[in-house]
Amino acid sequence: MCALSPPPRLLCVPLPALDPQCRPRSEGASSGRRAAENPNPMSAGDQKSGGDKPEDALPVATVWPEVARAECLARGAALKWASGVFCRPEHLERLSQYRKRESQRTSSIHTRLKSMIQSYLEGVGWGLEQLREARLELREVSHAVKKAGLESSRNAEGVKSLERLREVSVSHRQLLAAVSNLPRLYSVRSMVLETERLVESRRLLEAHARLMDLECWQDDILWQLHGAAGTAGSALSAEDQELVAKYFSGVGQLVDALGKELWAVVSSALALAQQNPTPFVSAVRIVEREEALDRALLEERGRTRGTSRPLPPGRPRCWRACFFQVLDEAVSARFRSVSYLHTRGPGLAGHLSALQHGIMADLATVRHLLEHCVPPHYRLTGAYLRAGHRCLHAHLAQVSSWDLESGEIFAVLNWVLHIYNSPDMMGHPELVAEMEKVELGPLISTEGLEQLQNKYVQSVRKSVSEWMHKALQVELQDWQRDQEPDTDHEGFYQTSLPTIITQMLEENARVARMIGESLRDQTIQMGLYEMENLLNRFREALVEFGKEHRRNPSNIKNKFYLHYLLASISNCIILKKSTESLQKQQSSRSAGQFSRTPPDPLAALDRAVRRACRLVMDQLLQDLQPFLSGLLTRAWLVQGDPTPKLCHVLERHLELHGRVRPPCRQRLQEEAQWLTVVEYVRALMQKRLVCRNAEERRQLAQQMVQDDQRFREILHGLEGEGSVPEVNPLSLLSVLADFLRLKDPGMLTLEVSGLAAKYPDIGEEHVSVLLDIRGDVSRDIRGAVLDLLEQSAPPLPAGYRPIFTDILVPPSTMAFCLPTAKCA
């Protein structure tokens with residue numbers, strides 16, 4: 001095994017013993033040079049301890065046990081490495097190479113250690129030198145401080161001897177100030193009285209000048225008593241302050257009296273401006289003097305903060321801020337002066353109009369008169385606008401909290417949203433520039449406007465609901481009248497109900513539109529809800545009207561029952577047009593915005609119309625019922641009765657249907673046509689007439705064709721007035737006539753297939769009855785026809801209206817029993 005790689009660990013070479021006797025040559029040379037530079041290389045501590053003695057030298061292992069341990073580890077690692085490298089004799093040839101390489105590494109490590117230790121020793125020497133210099137300097141400073149302390153203790157006794165002199169000097173200055181101010185002090189009382197007379201006579205400028213002199217004297221005396229400028233004396237004693245306050249006791253009262261007169265002038269400025277603005281000008285000048293004096297004193301006392309000179313009593317007064325505060329109160333008082341009598345009810349609109357004229361008159365006075373009496377930086381117009389806006393905001397908030405009716409809420413909303421910002425008020429051309437400078441904000445917040453609008457809608461809804469209820473009651477009373485309903489200019493039946501409802505809803509939408517689109521949309525939606533409720537109640541009333549008529553059809557009050565049903569249908573058509581008009585006025589983005597379930601009056605209209613049409617058809621069926629039992633009998637076959645009477649009833653009904661507005665007129669006529677045909681076929685299915693021969697079959701078919709022609713003559717105008725259904729029910733009669741007229745029974749299969757293709761709802765029972773009526777169909781042919789019908793039953797096409805579905809066939813006799821005999 002040949003292991004020539006370096007050992008896994010760094011080879012730890014043992015260091016030479018750190019004995020002063022055993023040093024490398026280079027270290028000995030450098031130490032020799034240092035010994036030459038420093039003849040006494042031993043430190044102070046070494047000299048004091050007597051230097052190193054041979055007996056004091058301890059073994060290295062005792063002083064540094066880590067060195068011995070490191071040497072053992074190094075020897076073990078080297079032995080391990082050597083045993084791995086020289087495991088075979090032939091490997092010893094490279095021993096000289098390894099020895100040379102390791103000796104070079106050891107020399108390199110020794111060199112690095114020596115240079116590092118040398119740099120550490122030089123740093124330690126420099127630090128010791130700095131410590132010696134700092135020690136010398138501290139010694140000098142200590143001597144200087146000790147000398148200064150001795151000098152200060154010798155001078156303290158001399159300072160104590162000057163305390164008495166200082167007290168005498170202060171007393172002398174105070175006495176000198178008192179003597180020099182005696183003339184002023186004696187004249188204070190007279191000046192106070194004179195200033196009071198000037199204030200009472202409203203000679204405000206002169207009174208203020210005297211007051212400023214008195215305050216100046218008071219301030220000077222206080223300062224002289226406090227101490228001369230540049231000296232730091234203690235605060236005035238309480239006795240001195242009370243003495244000065246006693247002499248100048250009237251000054252504070254003069255300030256209050258002058259301020260009271262000033263604010264009285266300012267509060268009446270709007271009235272004085274048109275008569276004599278001089279007092280107001282004087283008040284403004286005094287306010288500016290006070291403001292300038294406050295500013296000068298604050299700046300002066302701010303610069304001389306070290307002297308601790310206090311401000312004069314009552315300073316700063318801030319009379320400019322008080323000026324605007326008094327102006328706000330004056331504006332508020334002007335608002336309160338507007339009569340609050342008759343504010344509620346119809347008087348609210350007049351109250352708002354009085355507010356408008358009062359505000360504009362005051363603004364004109366401020367802009368044209370008062371604005372020229374104050375400095376430009378006052379911006380008096382803007383201040384009045386802000387004050388007026390705040391008062392209006394508070395007043396309108398109070399008004400909005402009242403229990404207002406819809407008219408009152410409309411007056412408030414119209415005044416806030418339109419009149420206030422119109423050219424007649426704040427949108428005036430002369431006020432536009434000033435309004436842009438001040439940010440007034442809304443008179444009523446967005447939440448407040450929404451609450452007002454909701455209150456308006458609820459109030460209108462209550463009124464609309466009451467009016468609709470009354471209108472419906474009037475409508476129900478009209479139904480009991482002993483005369484026909486009124487007609488319009490086109491001859492259609494109508495009553496007062498749709499006119500009242502339409503005008504009411506249109507008027508409410510128009511009034512709400514004057515406020516804004518949002519309120520209009522809310523009002524329209526509310527109207528649609530009420531319309532839906534009205535139509536639901538109207539439908540219920542129709543149902544009750546029909547039940548009452550069925551219970552007592554001969555009642556004289558129900559004489560015009562059918563006429564008023566037709567009038568109700570026409571009313572629904574008018575209401576539908578009004579509803580569609582309101583929905584078109586409503587903006588698309590607000591549809592369904594104010595409620596989770598939007599109103600659907602058109603669906604309620606459709607339900608009411610359907611119910612009314614059903615009642616009309618029920619009445620038609622009731623009038624036709626006495627004649628239907630005589631159809632398709634032997635008497636009918638011979639004499640043709642009662643078809644003419646039936647046609648007369650149908651013609652009378654169709655004539656009344658013409659009094660209904662389209663498209664319900666066409667709908668009623670179509671329903672009458674379907675009803676006539678269905679009842680005719682139902683009478684046929686009763687098997688009242690069974691043909692015994694071909695001649696009877698021919699007569700039956702011919703009579704059915706004649707009835708068909710009569711019905712067509714009555715209903716001839718239907719095709720030209722409206723849409724024609726895909727399957728004309730009248731054509732069924734001719735088809736059935738052809739079926740009964742057919743001579744060859746073998747062709748019945750083909751005829752039935754054509755009949756089923758045209759009328760897919762026809763059933764086996766219906767065909768079976770037709771075969772029975774013919775009376776000549778064998779059992780085989782019947783079975784083939786019914787099988788064919790069963791196999792070829794087509795589905796009902798889209799839009800097809802069934803005819804045979806509602807026609808029930810009565811149960812037939814048993815197949816094995818003869819028609820003329822009873823079953824055993």
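The shown structure was predicted, so the numbers you read here are calculated from the model rather than taken from an experiment.
For the pair Asp761 (side chain) and Ile803 (backbone), a donor-acceptor distance under 3.5 Å is present. The backbone N or O of Glu764 sits nowhere less than 3.5 Å from a side-chain atom of Ser768 that would complete a donor-acceptor pair. In terms of modelled atom types and a separation under 3.5 Å, the side chain of Arg520 and the main chain of Ile515 share no donor-acceptor contact. A donor-acceptor pair is defined here as one N or O able to donate and one able to accept, closer than 3.5 Å; such a pair exists between the side chain of His418 and the backbone of Met514. Side-chain atoms of His549 do not come within 3.5 Å of backbone N or O of Glu544 as any donor-acceptor pair. Of the possible donor and acceptor atoms, none in the side chain of Arg692 sits under 3.5 Å from a partner among the backbone N and O of Arg697. Within the 3.5 Å criterion, the main-chain N or O of Leu519 finds a donor-acceptor partner in the side chain of Thr523. A donor-acceptor pair under 3.5 Å is formed between the side chain of Arg688 and the backbone N or O of Leu631. In this structure, the side chain of Arg461 does not engage the main chain of Met526 through any donor-acceptor pair within 3.5 Å.
Counted by atom type alone, Ser731 and Tyr759 present one or more donor-acceptor pairs between their side chains at under 3.5 Å. No side-chain donor-acceptor contact under 3.5 Å links Gln585 and Glu517.
The line from CG of Leu497 to NZ of Lys470 is 15.0 Å long, rounded to the nearest 0.5 Å. Expressed to the nearest 0.5 Å, how far OG of Ser518 lies from CZ of Arg513 amounts to 11.5 Å. The line from CZ of Arg652 to SG of Cys647 is 13.5 Å long, rounded to the nearest 0.5 Å. Taking OH of Tyr493 as the reference point, atom OG of Ser570 lies at 9.5 Å (rounded to 0.5 Å). For the atom pair CZ of Phe627 and NE2 of His648, the computed distance is 8.5 Å after rounding to the nearest 0.5 Å. Taking CD1 of Ile781 as the reference point, atom CE of Met747 lies at 11.5 Å (rounded to 0.5 Å).
The closest side-chain heavy-atom distance from Leu668 to Leu566 is below 4.5 Å. Counting only heavy atoms from C-beta outward, the side chains of Val412 and Glu408 never approach each other to under 4.5 Å. Contact annotation: the side chain of Leu562 approaches that of His653 to within less than 4.5 Å [non-hydrogen atoms, C-beta and beyond]. In this structure, the side chains of Thr676 and Leu650 come closer than 4.5 Å at one or more pairs of heavy atoms. With a 4.5 Å cut-off on side-chain heavy atoms, Met617 and Trp674 do not count as touching. Put simply, the side chain of Ser400 does not reach to within 4.5 Å of the side chain of Gln451, judged on heavy atoms. Taking the side chain as every heavy atom from C-beta outward, Cys691 and Leu740 never approach each other to under 4.5 Å. Side-chain atoms of Leu535 and Glu532, non-hydrogen and from C-beta on, never get closer than 4.5 Å to each other.
Below 30°, between 30° and 60°, or above 60°: for Phe545 and Tyr561 the angle between ring planes is between 30° and 60°, a tilted geometry. Classification of the Tyr456-Phe410 ring pair by plane angle, with boundaries at 30° and 60°, yields tilted.
Pairing each heavy atom of Leu788 with each of Ser753, the nearest pair is CD2-CB, 4.2 Å. Heavy atoms only, all atoms of each residue included: Pro662 and Ile573 are closest at O-CG2, 3.9 Å. Scanning both residues, Pro729 and Val677, for their nearest heavy atoms gives O-CG1, 3.4 Å. Of all heavy-atom pairs spanning Val460 and Ser406, the tightest one is CG2-CB, 3.7 Å. Looking at every heavy atom in both residues, Arg634 comes nearest to Val690 through NH2-O, 3.0 Å. Residues Gln494 and Asn571 approach most closely at CA-OD1, 3.6 Å, considering heavy atoms.
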Review point. Checking side chain to side chain contact (heavy atoms under 4.5 Å, CB included) for the pair Asp486/Thr495: CA distance, chi angles, key distance, verdict?
Key: CA-CA 6 Å; Asp486 299 331; Thr495 59; over 6 Å; no
Practice item. For the pair Asp606 and Lys576, evaluate salt bridge (charged side-chain N to carboxylate O under 4.0 Å, His left out) and give the outcome as yes or no after the intermediate values. Key: CA-CA 9 Å; Asp606 186 64; Lys576 180 180 180 181; over 6 Å; no
Point to revise | CA sep, side-chain torsions, deciding dist, call: Gln619, Asp623, side chain to side chain donor-acceptor pair (under 3.5 Å) | key: CA-CA 6 Å; Gln619 182 63 30; Asp623 294 343; 3.2 Å; yes
Exercise for review: Show the numbers, then the answer: is there a side chain to side chain contact (heavy atoms under 4.5 Å, CB included) between Leu771 and Phe739?
Suggested key: CA-CA 9 Å; Leu771 295 177; Phe739 181 86; 3.8 Å; yes
Point to revise | Trace of the salt bridge (charged side-chain N to carboxylate O under 4.0 Å, His left out) decision for Glu507 with Arg510 | key: CA-CA 5 Å; Glu507 181 66 17; Arg510 185 188 64 81; 2.4 Å; yes
Review point. Checking side chain to side chain contact (heavy atoms under 4.5 Å, CB included) for the pair Phe804/Leu732: CA distance, chi angles, key distance, verdict?
Key: CA-CA 11 Å; Phe804 291 93; Leu732 176 61; 3.9 Å; yes
**Study point:** CA sep, side-chain torsions, deciding dist, call: Ser459, Leu404, side chain to side chain contact (heavy atoms under 4.5 Å, CB included)
**Key:** CA-CA 8 Å; Ser459 178; Leu404 301 176; over 6 Å; no
Check your understanding: What's the verdict on side chain to side chain donor-acceptor pair (under 3.5 Å) for Asp707 and Tyr680, showing C-alpha distance, side-chain angles and the deciding distance?
Key -> CA-CA 10 Å; Asp707 290 350; Tyr680 194 94; 2.7 Å; yes
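Ion pair Arg661/Asp488 flagged as a salt bridge, since at least one NZ, NE, NH1 or NH2 atom sits closer than 4.0 Å to an Asp/Glu carboxylate oxygen. Taking 4.0 Å as the cut-off between side-chain N and carboxylate O, Asp403 and Lys455 do not count as a salt-bridged pair. With salt bridges taken as basic N to acidic carboxylate O contacts below 4.0 Å, one links Arg782 and Asp772. A salt bridge does not link Glu540 to Arg537: none of the charged nitrogens lies less than 4.0 Å from a carboxylate oxygen.
Shown here is Glu490, whose CD atom has more than 12 heavy atoms of other residues, nucleotides or ligands within 6.0 Å. Counting heavy-atom neighbours within 6.0 Å of Glu475 CD, excluding the residue itself, gives a total above 12.
Remark: of the listed residues Arg801, Arg665, Arg614, Arg801 is the sole one forming a salt bridge (Lys or Arg N to Asp or Glu O under 4.0 Å) with Glu671. Each of Met704, Gln702, Glu696, Arg698 was scored for a side-chain contact (heavy atoms from CB on, under 4.5 Å) with Leu700, with one residue passing: Met704.
Here Arg682 pairs with Glu679 under the salt bridge (Lys or Arg N to Asp or Glu O under 4.0 Å) rule; sequence neighbours left out.
Taking the six-membered ring where the residue is Trp, the centroids of Trp479 and Phe538 are separated by under 6.0 Å.
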